[in-house]
Amino acid sequence: MSNPEATALAMAAATTIVTAMATSAWQATRAGVARIFGRAAGDESGPDSGSEAGARAGSAVEVRLERSAARIAGADDPERVRQAQIDRWRDDIEDLLLDHPDAAAELAALVEAVRRQLPPVGERWVQRVEARDGGFAVGAQGPGSSVVVHRDRKTPPTGDAR
């Protein structure tokens, strides 16, 4: 894989990964990225310890991805932090592709699969779900959504069955 091709795929992958962090596609995205990095690490270790080294590397990448997501979620300026995470992952992915060009096809397939699950560019989904008076509320939106249940545990039920 040439350097410009690796750079372009790395940028597309990093942007897609960081975008997925705030969506229902995150779990599958994180697992897919970890799998790709893990396979590459397993290939470097040789035939005897490849799967063990790959599993360790994949787990380490999952931890790094979760840290990236947490940094964005907890940031005062999430757009600035999001861009910094895109830059970081772009560099890591470009290094992966330069060292393991055979990972490009799997990475491109993952990027395409994740993009199909993301909201269209420029479209933003916002939903406010609130539980009060001892009740619960359920909210889900978009393709591949997961359901999040919110319970108000602070306020006891009023007994009013309206």
Notebook entry, point to check: What do the steps show when you test Glu66 against Trp26 for side chain to side chain donor-acceptor pair (under 3.5 Å), and what is the final call?
Noted result: CA-CA 10 Å; Glu66 281 301 320; Trp26 176 231; 2.9 Å; yes
[Y] and [X], any side-chain heavy atoms less than 4.5 Å apart:
{"X": "Arg39", "Y": "His100", "result": "no"}
{"X": "Gln83", "Y": "Asp87", "result": "yes"}
{"X": "Thr15", "Y": "Trp89", "result": "no"}
{"X": "Thr7", "Y": "Leu97", "result": "no"}
{"X": "Met21", "Y": "Ser68", "result": "yes"}
{"X": "Gln85", "Y": "Ile72", "result": "yes"}
{"X": "Glu94", "Y": "Asn3", "result": "yes"}

Give the minimum heavy-atom separation between [X] and [Y], together with the two atoms involved.
{"X": "Ala12", "Y": "Val111", "answer": "O-CG1, 4.3 Å"}
{"X": "Ala57", "Y": "Gly38", "answer": "CB-CA, 4.3 Å"}
{"X": "Ala34", "Y": "Val61", "answer": "CA-CG1, 4.0 Å"}
{"X": "Leu96", "Y": "Ala40", "answer": "CD1-CB, 3.3 Å"}
{"X": "Ala75", "Y": "Val81", "answer": "CB-CG2, 3.4 Å"}
{"X": "Ala6", "Y": "Leu98", "answer": "CB-CD2, 3.9 Å"}

How long is the straight-line distance from [atom2] of [Y] back to [atom1] of [X], given to the nearest 0.5 Å?
{"X": "Glu62", "Y": "Arg30", "atom1": "CD", "atom2": "CZ", "result": "5.0 Å"}
{"X": "Thr29", "Y": "Leu118", "atom1": "OG1", "atom2": "CG", "result": "7.0 Å"}
{"X": "Arg64", "Y": "Asp92", "atom1": "CZ", "atom2": "CG", "result": "4.5 Å"}
{"X": "Ile86", "Y": "Thr16", "atom1": "CD1", "atom2": "OG1", "result": "9.0 Å"}
{"X": "Leu65", "Y": "Ile17", "atom1": "CG", "atom2": "CD1", "result": "6.5 Å"}

**Asked** Taking NZ, NE, NH1 and NH2 as the nitrogens, is one of them in Glu79 or Arg82 under 4.0 Å from a carboxylate oxygen of the other?
**Response**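 Salt bridge between Glu79 and Arg82, a charged N being under 4.0 Å from a carboxylate O: yes.
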